Structures are given as C-alpha cells and as structure tokens.
Amino acid sequence: MSELLVQPRQRLLSLDVFRGITMAAMILVNNPGDWKNIYEPLDHAEWHGWTPTDLIFPFFLFMVGVSIVFAMQSKKADPANRGNLIWKAFKRMLILLFLSMLVRFIYHHDLSTIRIPGVLQRIAVVYFLCSVLYTLTSDRARYWIFGLVLIGYYLIMTLVPVPGYGPANLEPATNLGAWLDRLVFTTSHLWDQSKTWDPEGLLSTLPAIGTCLFGIAVGTWLKRTDREASVKVSWMLTYGVFAVVLALIWNWFFPINKKLWTSSFVLLTGGLATVGLAVAYWLIDTHGHRRFTGFFAVFGTNAIVAYFLSDLLPGLINMIKLPFNGRSVGAMRFFSEHLFNPYLSPKTASLAGAILLVLIIWLILLPLYRRKIMIKI
C-alpha cells in the first residue's frame, strides 16, 4: 500500500504502475458479479498449486518491501532518526488494524463472530515488522533472516507434530497453522468459509515477512546509484528467474500453496514479482514508455484509498435498493441484470461486473491523481 509508506522524494513511475496493476487486479478478483461464475484464472487454487490470482497478495507485500526502502533509506542513515521511524511505522500499523476492523464491523455487527485475521491485518503487521528489520539491521543480516524464515517455516510445518492430530501434515484443517489459529482465535473468529483455518492465520504470517524482505532486497538493489539501469535490470531478471527455479524444485517436497504461504510460494511469487518490476522499470523509467501508464498509476499512487473503497463500495452501493422482477435488489445486482446478464455468458457477465467496480473506483481516484494528492496514514 503506497500510502502506508512515506512517499519517496524521487518517485519511480514503474513502482506506482506495478503497484497499481496489483491493486486493480485485487479489486477485480475480490468483487466478481457472481461468485458462482468465475473464470478459473480469476479464482484461487483450491489448495496446492497456484493461479494468477494467487500472485496478487504476495506481489502487494513485495511492493510494500520495495517502498520501505525508497521511503526510509536516507532517513535511517542517521541513527538519531531510527526510533522515530519505528514509532511512525508502529502508529501506521495500529491505524491500519483499526480501520480494517472498522470496515469489517460496518457489515458484521456481531463481535462474537467477527473475523480477526485478514488481508489488511497481515499487511499492517508485516509492514511494521519489516520496517523494524530494515531500520535496525544490515543487508547481510536481512539475507540471513530471510533464509532462516523460509527454512524455519518449512521445518516447523513438516516436522512439528500437531497436538491432537499426530504427525505434521499440510492438510487444510489439521496442519499446525490451522491448529494455532483455532487455539488463539477460536473457530468463531476465523474465515467464514472454513471456520477451521484461516488463509491469513498467525503462523503463515512468518513466511509473509519473507515476501516483504524479498521486496526490501530488490528495492535496495534498485535504489543503488552506482549501477547503470541495464545492470540493475539484468541482475533483477537473473535473481527473479533463479528464485522461480528454486521454488519449482522446493515444490516437490513443500508444495506451492498460497493459503499456507509456503516457502516455495514465497520464492515463486518473489521471483515473478522481481521479473515483473524489472520489466516495468526498464520500459517505463529507463526507456520512457509511459503512454499507457496513467490508468494504473491512478491506483498505485493512492493504493490504500483504492483498497478501502473496494471493501466499502460494494456494500454501500447494494444498500440502494431498486426494483427487479417484482422485488428489490441491490444496485450492483440491478446493473448486472440489466447491463450484462442478458447479453453475456454467466462468467463473462460476472467479470464485467468486477470491471465495472474497478472503473468506478478509478473514477473516484482520478481527481486525486490529477491534483497529485496522495493520501497517507
């Protein structure tokens, strides 16, 4: 989230565009017109394996890591600033946690069953912890932490017995992470589609920190002023492809899995994000191909606003009731029934409904972008 990070003095348009593509994709896949009719690439993998949709959240955390570098590098050079940087990061985490629960409470008033883990909650916690690590540790130390996090998580998930279930396993309801989530949150506060585990649970937040650290490593390299752009891009492409190859090898015995956020998943998504950012940087910031960047930069420069709008708007729009077939339906359903469903296949109509919401949010953000207003927390 761009605003969750202090804006750097010299912005790279490729960062905003790549973050904007990620945010637009997140809105698209999270808000289909009909959850029963979704094209397979726009849905998450059921368990092991991955789809393009599974890349979106880790790409976002990766970009949080890149942005931490651009926001804090010059400030952390002076040890006197470090305490203030950590305090600001802590306050941002608390604000994000509060806002995420506030949005959730608007549509779910029963505190006894409200879901506690979530996407924004994970982003907030990972952002704070990685900000602390970036402020207080060296590049070399973070490389070691990154490796220890991935290997440690692998050993925990594959070797530590699960209380009440026996040997370690990677099944949805009986793995160690699911057991820990039920112990801490109880089944009343977990993802309502499972109630026995949560895709943003406690234990899988550990490798999610690894995803952000991956972004910090790439951001540190990208921020270097002693390397030409071609050298930066070449090494980013090399490291990205290498990470993907390692992920595919690790997948043989620790499967790529977004819901578990396995170590192989961290390497796969970090590698692909590095390749994607390298291409964007080369095309946009190095060679000046900016003709079609404006649409996504609108999302990228105010990503936090876009995220909250995507959480709030569908429910608010559907509070407007309109007549359809002798009954009242929400406005989003009304538009879908009149604009898309009569003319398109069910899956295409569902996709069109999601695109409509993306465009609505883009139109709301456009005045902010034109006035160079970047809302921060």
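Nothing fancy with the numbering, it's 1 onward along the sequence. What you see is a predicted model; the values in this text were computed from it and never measured. Hydrogens, waters and symmetry mates are skipped; everything else that's a heavy atom, side chains included, is used.
One N or O on the side chain of Thr205 and one on the backbone of Gly201 form a donor-acceptor pair closer than 3.5 Å. Remark: side-chain polar atoms of Ser310 are paired, donor with acceptor, to backbone N or O of Tyr307 under 3.5 angstrom. Asn302 places no side-chain N or O within 3.5 Å of a backbone atom of Leu368 that could act as its donor or acceptor partner. Not a single donor-acceptor pair under 3.5 Å links the side chain of Asp139 to the backbone N or O of Ala217. At distances below 3.5 Å, not a single donor-acceptor pair connects side-chain atoms of Thr348 with backbone N or O atoms of Leu344. The closest donor-acceptor contact from the side chain of Thr286 to the backbone of Tyr281 lies under 3.5 Å. No donor-acceptor pair closer than 3.5 Å links the side chain of Asn37 to the backbone N or O of Asp34. Under a 3.5 Å cut-off, the side chain of Asn84 and the backbone N or O of Asn81 do not form any donor-acceptor pair. In this structure a side-chain-to-backbone donor-acceptor pair under 3.5 Å is present from Arg82 to Lys76.
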**Request:** Verify side-chain contact (heavy atoms from CB on, under 4.5 Å) between Leu222 and Leu15, making sure each step is shown before the conclusion.
**Result:** CA-CA 11 Å; Leu222 194 57; Leu15 301 185; 4.1 Å; yes

**Stepwise side-chain contact (heavy atoms from CB on, under 4.5 Å) check, Thr274 with Phe62** = CA-CA 9 Å; Thr274 301; Phe62 172 91; 3.5 Å; yes

**Stepwise side-chain contact (heavy atoms from CB on, under 4.5 Å) check, Trp179 with Thr174** = CA-CA 6 Å; Trp179 170 83; Thr174 58; over 6 Å; no

**Request:** Take Met26 and Asn30, measure what side-chain contact (heavy atoms from CB on, under 4.5 Å) needs, and give me the verdict at the end.
**Result:** CA-CA 6 Å; Met26 184 179 290; Asn30 285 344; 3.4 Å; yes

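The two residues Ser345 and Tyr39 have their closest heavy-atom pair at OG-OH, 3.9 Å. For the pair Ile86 and Phe128, the tightest heavy-atom approach, listed with the atom from each and the gap, is O-CE1, 3.8 Å. What you find for Arg142 and Leu133 is that their closest heavy atoms are NH1-O, 3.8 Å. Residues Ser100 and Leu120 come closest through the heavy atom pair CB-CD2, 3.5 Å. Pairing each heavy atom of Ala354 with each of Leu28, the nearest pair is CB-O, 3.3 Å. Considering every non-hydrogen atom in both Ala89 and Tyr127, the closest pair reads O-CE2, 3.8 Å.
Rounding to the nearest 0.5 angstrom, the gap separating the CG atom in Leu366 from the CZ atom in Arg371 is 9.0 Å. In this structure, CH2 in Trp261 is found 14.0 Å from CE in Met157, a value given to the nearest 0.5 Å. How far OG1 of Thr22 is from CZ of Phe57: 12.0 Å, rounded to the nearest 0.5 Å. Expressed to the nearest 0.5 Å, how far CG of Leu13 lies from OG1 of Thr293 amounts to 4.5 Å. Here Met332 contributes atom CE and Asn31 contributes atom CG; the two are 7.5 Å apart, rounded to the nearest 0.5 Å. Rounded to the nearest 0.5 angstrom, Asp198 CG and Arg122 CZ are separated by 8.0 Å.
Checked against the 6.0 Å centroid threshold, Trp197 and Trp47 count as a close aromatic pair. Taking the six-membered ring where the residue is Trp, the centroids of Phe18 and Phe59 are separated by under 6.0 Å. Taking the six-membered ring wherever Trp is involved, the centroid distance between the rings of Phe295 and Trp362 falls below 6.0 Å.
Looking at heavy atoms from C-beta onward, Trp250 lies out of side-chain contact with Leu268 at the 4.5 angstrom threshold. The closest side-chain heavy-atom distance from Arg182 to Thr186 is not below 4.5 Å. No side-chain heavy atom of Leu12 sits under 4.5 Å from any side-chain heavy atom of Asp16. Residues Ile304 and Leu96 have side chains in contact (heavy-atom distance under 4.5 Å, counting atoms from C-beta outward). With contacts defined as side-chain heavy-atom distances shorter than 4.5 Å, the pair Pro161/Leu176 does not qualify. You'll find the side chain of Phe146 reaches within 4.5 Å of the side chain of Val266, heavy atoms only. At least one side-chain heavy atom of Phe299 sits less than 4.5 Å from a side-chain heavy atom of Val358. Side-chain contact between Leu309 and Leu365 is present, with at least one heavy-atom pair separated by less than 4.5 Å.
Grouping the Ile, Leu, Val, Met, Phe, Trp and Tyr side chains by contacts below 4.5 angstrom, directly or via other members, places Tyr143 apart from Met236. Under a hydrophobic clustering in which Ile, Leu, Val, Met, Phe, Trp and Tyr are joined whenever their side-chain heavy atoms come within less than 4.5 Å, directly or via other members, Phe254 and Leu148 fall into different clusters. Cluster annotation: Trp144 and Tyr153 are assigned to distinct hydrophobic clusters (Ile/Leu/Val/Met/Phe/Trp/Tyr, side-chain heavy-atom contacts under 4.5 Å, transitive). Residues Ile355 and Phe292 do not share a hydrophobic cluster, defined by chaining ILVMFWY side chains whose heavy atoms lie under 4.5 Å apart.
Side-chain atoms of Ser350 and Trp35 form no donor-acceptor pair, as typed in the model, at a separation below 3.5 Å. Neither side chain, Arg19 nor Thr301, offers a donor N or O lying under 3.5 Å from an acceptor on the other. Side-chain contact, Asp43 with Thr53: no donor N or O sits under 3.5 Å from an acceptor N or O. When only modelled atom types and interatomic distance are considered, Ser14 and Asp285 share a side-chain donor-acceptor pair under 3.5 Å.
In this structure, Trp221 places its CH2 atom where more than 12 heavy-atom neighbours from other residues, nucleotides or ligands lie under 6.0 Å away. More than 12 heavy atoms of other residues, nucleotides or ligands sit less than 6.0 Å from atom CZ of Phe253. At most 12 heavy atoms of other shown residues, nucleotides or ligands fall within 6.0 angstrom of atom OH in Tyr239.
A salt bridge links Arg115 and Glu200; the closest N-O separation between the charged side-chain nitrogens and carboxylate oxygens is under 4.0 Å.
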